[in-house]
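The structure presented is a predicted model; accordingly, all values stated were derived computationally and were not measured. Below, all heavy atoms of this structure are taken into account, side chains as well, without hydrogens, waters or symmetry copies.
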There are 4 protein chains.
Amino acid sequence: MDHFYGPGRNHLFVPGPVNIPEPVIRAMNRNNEDYRSPAVPALTKTLLEDVKKIFKTTTGTPFMIPTTGTGAWESALTNTLSPGDRIVSFLIGQFSLLWIDQQQRLNFNVDVVESEWGQGANLDILASKLAADTAHTIKAICIVHNETATGVTNNLAKVRKILDEYRHPALFLVDGVSSIAALDFRMDEWGIDVALTGSQKALSLPTGIGIVCASPKALEASKTAKSVRVFFDWKDYLKFYNLGTFWPYTPSIQLLYGLRVALDLLFEEGLDNVIARHSRLGKATRLAVEAWGLKNCTQKEEWVSDTVTAVVVPPYIDSSEIVRRAWKRYNLSLGLGLNKVAGKVFRIGHLGNLNELQLLGCLAGVEMILKDVGYPVKLGSGVAAACAYLQNNIPLIPSRI
Amino acid sequence: MDHFYGPGRNHLFVPGPVNIPEPVIRAMNRNNEDYRSPAVPALTKTLLEDVKKIFKTTTGTPFMIPTTGTGAWESALTNTLSPGDRIVSFLIGQFSLLWIDQQQRLNFNVDVVESEWGQGANLDILASKLAADTAHTIKAICIVHNETATGVTNNLAKVRKILDEYRHPALFLVDGVSSIAALDFRMDEWGIDVALTGSQKALSLPTGIGIVCASPKALEASKTAKSVRVFFDWKDYLKFYNLGTFWPYTPSIQLLYGLRVALDLLFEEGLDNVIARHSRLGKATRLAVEAWGLKNCTQKEEWVSDTVTAVVVPPYIDSSEIVRRAWKRYNLSLGLGLNKVAGKVFRIGHLGNLNELQLLGCLAGVEMILKDVGYPVKLGSGVAAACAYLQNNIPLIPSRI
Amino acid sequence: MDHFYGPGRNHLFVPGPVNIPEPVIRAMNRNNEDYRSPAVPALTKTLLEDVKKIFKTTTGTPFMIPTTGTGAWESALTNTLSPGDRIVSFLIGQFSLLWIDQQQRLNFNVDVVESEWGQGANLDILASKLAADTAHTIKAICIVHNETATGVTNNLAKVRKILDEYRHPALFLVDGVSSIAALDFRMDEWGIDVALTGSQKALSLPTGIGIVCASPKALEASKTAKSVRVFFDWKDYLKFYNLGTFWPYTPSIQLLYGLRVALDLLFEEGLDNVIARHSRLGKATRLAVEAWGLKNCTQKEEWVSDTVTAVVVPPYIDSSEIVRRAWKRYNLSLGLGLNKVAGKVFRIGHLGNLNELQLLGCLAGVEMILKDVGYPVKLGSGVAAACAYLQNNIPLIPSRI
Amino acid sequence: MDHFYGPGRNHLFVPGPVNIPEPVIRAMNRNNEDYRSPAVPALTKTLLEDVKKIFKTTTGTPFMIPTTGTGAWESALTNTLSPGDRIVSFLIGQFSLLWIDQQQRLNFNVDVVESEWGQGANLDILASKLAADTAHTIKAICIVHNETATGVTNNLAKVRKILDEYRHPALFLVDGVSSIAALDFRMDEWGIDVALTGSQKALSLPTGIGIVCASPKALEASKTAKSVRVFFDWKDYLKFYNLGTFWPYTPSIQLLYGLRVALDLLFEEGLDNVIARHSRLGKATRLAVEAWGLKNCTQKEEWVSDTVTAVVVPPYIDSSEIVRRAWKRYNLSLGLGLNKVAGKVFRIGHLGNLNELQLLGCLAGVEMILKDVGYPVKLGSGVAAACAYLQNNIPLIPSRI
């Protein structure tokens, strides 16, 4: 089934699933094991402890659920809320849209705050809603930290500030799928009640673990939340945490060993260095886009995303054709424009285990494709802009100093 | 984290997760890929077509959900039933118990038919309930084909026969987690409406795909079922099936390639040969148990399981000690006794990718452990009994004839 | 021992060992096997047949020796020549130098024809030597097809032409280590008597197989050659070829399965396409070097190599520093200058399983390093030049059309 | 090319290549690397230091040559001896025969001391030869520590004792291919001058490294030895050892990382525990053979081998048929009888990374095959005998205590 084999490496620049580090691929290259032997709980214990570090929490309780980000969303919502609960949710792109769709289908009373795609969450409206909600009918604020469809990063610190300003007790639920372990994320400091991510994003693993982290307040809420849940119920996990066997049902042995190495690599590089690397790659990408004379889908600098860049193409070009050619001719995987921006943007993911020269190869490829599809790009211009910035900013690889 | 390394191979004889064939491990040894490229849908299409063969269905619709067996259960129930619906469910061991717990927490009206652990489902009671239910208040029959905790296989053909006898329209939902692709299973012939399994069982993959297969009648029921569901909703899959992109959310690329090879290997060996191999290994195990003078937890021959054997130990022995020693001294992983039979039975899984000599090594190990813990076993007796049977029954390996 | 881990992929641009395709890594991910079972000879038979295709020979006899290129050299020489035999050998760089050193230590009478490093073999001198050698004292011509140290490709067709012109019976021995399966190579057409390569070069495998291919004339010569040899003796192979078991001593099972896939991939891409891809990458690299204002070590266009480019740095720069920084800062592995050109050149290998965007990433990296070390390169210039050429010349990936 | 796939694990019981531990397979699952980067020398340095431990030497100098055991033989001989040198060599089976063949082809004057196959080296003759050799014409004693064809282990301590008795300066060259890291082996204590093994034996790696360890006396001899050698010349290694880059030609990156883990696992288990495990498995195998009523090819207890057992079959049985059936029906790989004992013995390898239950599975298989081919074995008898011994002797797995 490698019917689509092309020579050389595939250049994977979608914003997930992302490139897996070779040591992680090695660690997962193994037979199954009995998850009730002493080995798997011993391993799990270290994972639960260490995974908190990528959320920057010491008080949170993590759940590593065998599911995807969509399942992690469902776990966050159903464990903390009851049907009919009013929640404020921000619609700024395809993934926030899908989460809102889930919220509605789970029978919450969703107060949707919509922005134009390319803009961040409208926090002024949040402020006004909280101001008006003296009765505290709003039970939760749901926000996607980084909207992967448009390359927009929301300001979570500001959300917390607004909540504090109005002393509003609403739960603060955050989709950190394309941000946690890549962007600055501070669960405790920002008073986030539930944060979640998926293994195939910044952790650079295969799909298969939805990681949900709950604050003490969220755990407390889960005791009375009336949403029906079984597979996603935190209670079953907590029961097995107490038993020290950790797993209410069978985990993927391979992903556990993979996660161990993925965390080790993040810590070896240094979480701050990882975030700085994403910042560097994001900046380099945006400089290239600018040099090409194209626009970033993200409308303001304050929202730019360091994990994905959505590039707007001129009206006479179909962005899907760019993605198609990238794959067919250059063995390059780019992200499509989704829904409202289908055909209008293509996306360069610069998330996860990636380095500068990989990105520069991608940018050079994009330049050629742009020319292929008739856009009058100056070849080398984007790479030159990116290099000019990177050349002064790439540090030595820590392990090689 | 290979802190528990022992020389040689681990002998994995729990009834799941089971041994992964080396070609499958190889196939999964890969980087992530863009699941929106043409390659992944092309692969998925072959999987959806071929996976039906292990259910023996041509009319069913399979869903390969990124979840475990517990999630597959939830998908089967919530897509076909509404809260308050009356269902008949058979409690015969730990896994049927857990499914019933889920059914109750999902707010169905569960009519539990309990048997002593070690016995099969009481189908006489089913008959009487159906006879009495002229109003058709029973919406579904839920049954675990093979109860992994006690090594009991239920007679699904008979369930169908009873349903037909009373011309009862109840849906027929089957947990085939430790049976499908290992025991005789005929979804279409037996009129099963939803059947499900998990990738880490007879398919011999890592954990991570819950495969649920729905009959046309089940699909029809899903249109009106009122149980709240999003992640497990078949509707989202069907939408993407129609689009030809197949995935409502990110699948595990590695598991898809692994499943491709796992199916290829099953078909290369021949599904009937696979079932015969399980039958052979099951029989050999039971003959060994008999030779040791121990009892099978399964109380009657009609219920014996060819995928797992639960062995009852004498009252003066703690079966958990057997499992502990197996792991600590012999690098052998056996199954614990669960719940009601904790300490009383240990389990030998003979499920999935396994051959005769592997089993014989396990049986020899069990003999030594039995002696270790003070049971007066005659060393070699079980192996002798198993060999006497196997020696006349092992066919040539098809590819080596 | 991954003490030197850096984020993202290592960019491997040394001219060997080169990048291994992922399907090959997968194929080698396996336990040992009994090489006397029917499986390994069956596999070996296909390899011996197919490996001839990369030499473009139908009459040659290949030997896959568990050794490196150095061992392959020794096998070529000792099986065809006797101590004291006069051979003409061309010294044009470090690898031809090492081969000559071996020839001398093996007690041949080596007539060395030296060229300045950066030039090709002086074939005029060959002509004059052959012209003078009416007594046919010259028993063999030894030539390195592609000198990896300087990026010089010799003209083998012309060597044959000269031999024919003088109707000289000397054996024609060719080191094709960095050319076979990457450059145009025609063993039969050019009347080559022994050609050899190593698995870690264009075949893109790990080190471990030295492949030597002998013409009927070379096989005939081996019957009387008096050089002492055992491990490298073709006779032992021929004996086992006749037996159909193929191996006089234990081969690497992993490399055999890897070679199977490596050949399959070459044939799937098409050997001509593979050669065209190398030509494309070589040309792109040379255009970049030119754009940087640097000189190619290769002194004339007729000798330029499509598998490696040796770049001459200005006298005020130490080329070793470029290689060091590439590795420490950019996770890029470049080739050092060797011996006479140490400190003066660095080398970009563009050999084996590689595609355009990988190369462009490397070129962008080299630009930044050049700037780092104080060379006034215009960032983006080399990439622009390479892209301008590539953009018009990259074909669709065959499997994706 | 997995055309011969059978369900479950292959049971690999040939005396090489042997089973590779899963952590080693994982470690080798990687792309190539530049062996001139700082990483590979750093790794190599630890290997050269640690590999000495398996030879039990502190004064020896190891060479890790990209070759097989046959190449290691050649390296041992050609570096220490000159053509015409008189050596005493013991012929006791197929592998000592092959080594002697090599010695003769390398033009040494070989004084062959032959024993009946199944007997050890005749050391009385050695004593008489040394006694007679007052002129010290004997330059070396060559002996295979463990003859893999017959399962005979020679007494090296006694060889040393005899040499010392006669104060004879002959070099003491030992083939430790199927003994080092499995049997008691003491290079320094026994005054061995060159000892060698192959990676695919007790080290449990793929084929590809011939490890040769030279005493100071051997190194000294190499300075004057006149045998022609290049690829196998220690001098080239020593030159690169001094440079700190270690490799005169390209090593297999994968094998280096694999060797690192292989050594780590040996040290983690404890070299003495490893030897004890081999002793345990050897003893268990011999007890089974005895219980079957069959004879060990090894004629006296003093010579029995703990790494391979050659089992003599009754004259009416063709041992090759046993090996054939083992593979075709039981996925079991046994060793053939070679040369003089072809058809008369089959061999059970119990070398390398192996544990008790693996061996017991193999023994059960052999019992069934014996019955298949018409030998009146009592099924279970061998396993019973092995278990009776093992049950009292298997220690806890160190890491699991």
(request) Name the region of B:Asn107, side chain, backbone, both or neither, that has any atom closer than 4.5 Å to a heavy atom of chain A. (result) side chain
(message) Run the salt bridge (charged side-chain N to carboxylate O under 4.0 Å, His left out) test against B:Asp233 and tell me which residues pass, sequence neighbours left out.
(response) A:Arg105, B:Arg229, B:Lys235
(request) Identify the heavy atoms of B:Tyr35 and A:Gly16 that sit nearest to each other, and give their distance. (result) CE2-O, 4.5 Å
(message) Taking side chain as everything from C-beta outward and backbone as N, CA, C, O, which of these in A:Pro248 sits under 4.5 Å from a heavy atom of chain B? Side chain, backbone, both or neither.
(response) neither
(message) Going by ring-ring contact (aromatic ring centres under 6.0 Å, His included), name the residues that satisfy it together with B:Phe231, two or more places apart in sequence or in a different chain.
(response) A:Phe232, B:Tyr249
(message) If I measure from the heavy atoms of chain A, does B:Pro21 come under 4.5 Å with its side chain, its backbone, both, or neither?
(response) neither
(request) Might you point out which heavy atoms bring B:Val18 and A:Asn32 nearest each other, and give the distance in Å? (result) O-ND2, 2.7 Å
(message) For the interface with chain A, which of B:Gly335, B:Gly71, B:Gly349 has the highest count of heavy-atom pairs at distances below 4.5 Å?
(response) B:Gly71
(request) For the residue pair B:Arg9 and A:Asn31, establish whether any side-chain heavy-atom pair is separated by less than 4.5 Å. (result) no
(request) Nearest 0.5 Å please: distance from the OG atom of A:Ser252 over to the CD atom of B:Gln200. (result) 9.5 Å
(request) For A:Asp50, enumerate each residue passing the salt bridge (charged side-chain N to carboxylate O under 4.0 Å, His left out) test, keeping only those at least two apart in sequence or located in another chain. (result) A:Lys53, A:Arg260
(request) Pick whichever of B:Pro66, B:Gly210, B:Pro83, B:Gly69 has the most heavy-atom pairs under 4.5 Å with chain A. (result) B:Pro66
(request) Identify which of B:Ser37, B:Gly208, B:Ala27 forms the greatest number of heavy-atom pairs closer than 4.5 Å to chain A. (result) B:Ser37
(message) With chain A as the partner, which of B:Leu205, B:Asn10, B:Ile65, B:Thr68 has the greatest number of non-hydrogen pairs under 4.5 Å?
(response) B:Thr68
(message) For B:Leu98, which atoms come within 4.5 Å of any heavy atom of chain A: side chain, backbone, both, or neither?
(response) neither
(request) Under 4.5 Å heavy-atom distance to chain A, tell me which part of B:Gln254 shows up: side chain, backbone, both or neither. (result) side chain
(request) Under 4.5 Å heavy-atom distance to chain A, tell me which part of B:Asp236 shows up: side chain, backbone, both or neither. (result) side chain
(message) Using every non-hydrogen atom in the two residues, find where A:Arg30 and B:Ile20 come nearest and quote the distance to one decimal.
(response) O-CD1, 3.9 Å
(message) Please classify the contact of B:Leu255 with chain A as side chain, backbone, both or neither, using a heavy-atom distance under 4.5 Å.
(response) neither
(request) Show your reasoning for whether side-chain contact (heavy atoms from CB on, under 4.5 Å) applies to B:Val228 and A:Val228. (result) CA-CA 8 Å; B:Val228 171; A:Val228 171; 5.8 Å; no
(message) Counting only non-hydrogen atoms closer than 4.5 Å, can you tell me which residues of residues 321-331 of chain A sit against chain B?
(response) A:Trp327
(request) Check whether any side-chain heavy atom of A:Thr250 lies under 4.5 Å from a side-chain heavy atom of B:Thr207, and answer yes or no. (result) yes
(request) Below 4.5 Å from any heavy atom of chain A, which atoms of B:Leu12 appear? Answer side chain, backbone, both or neither. (result) side chain
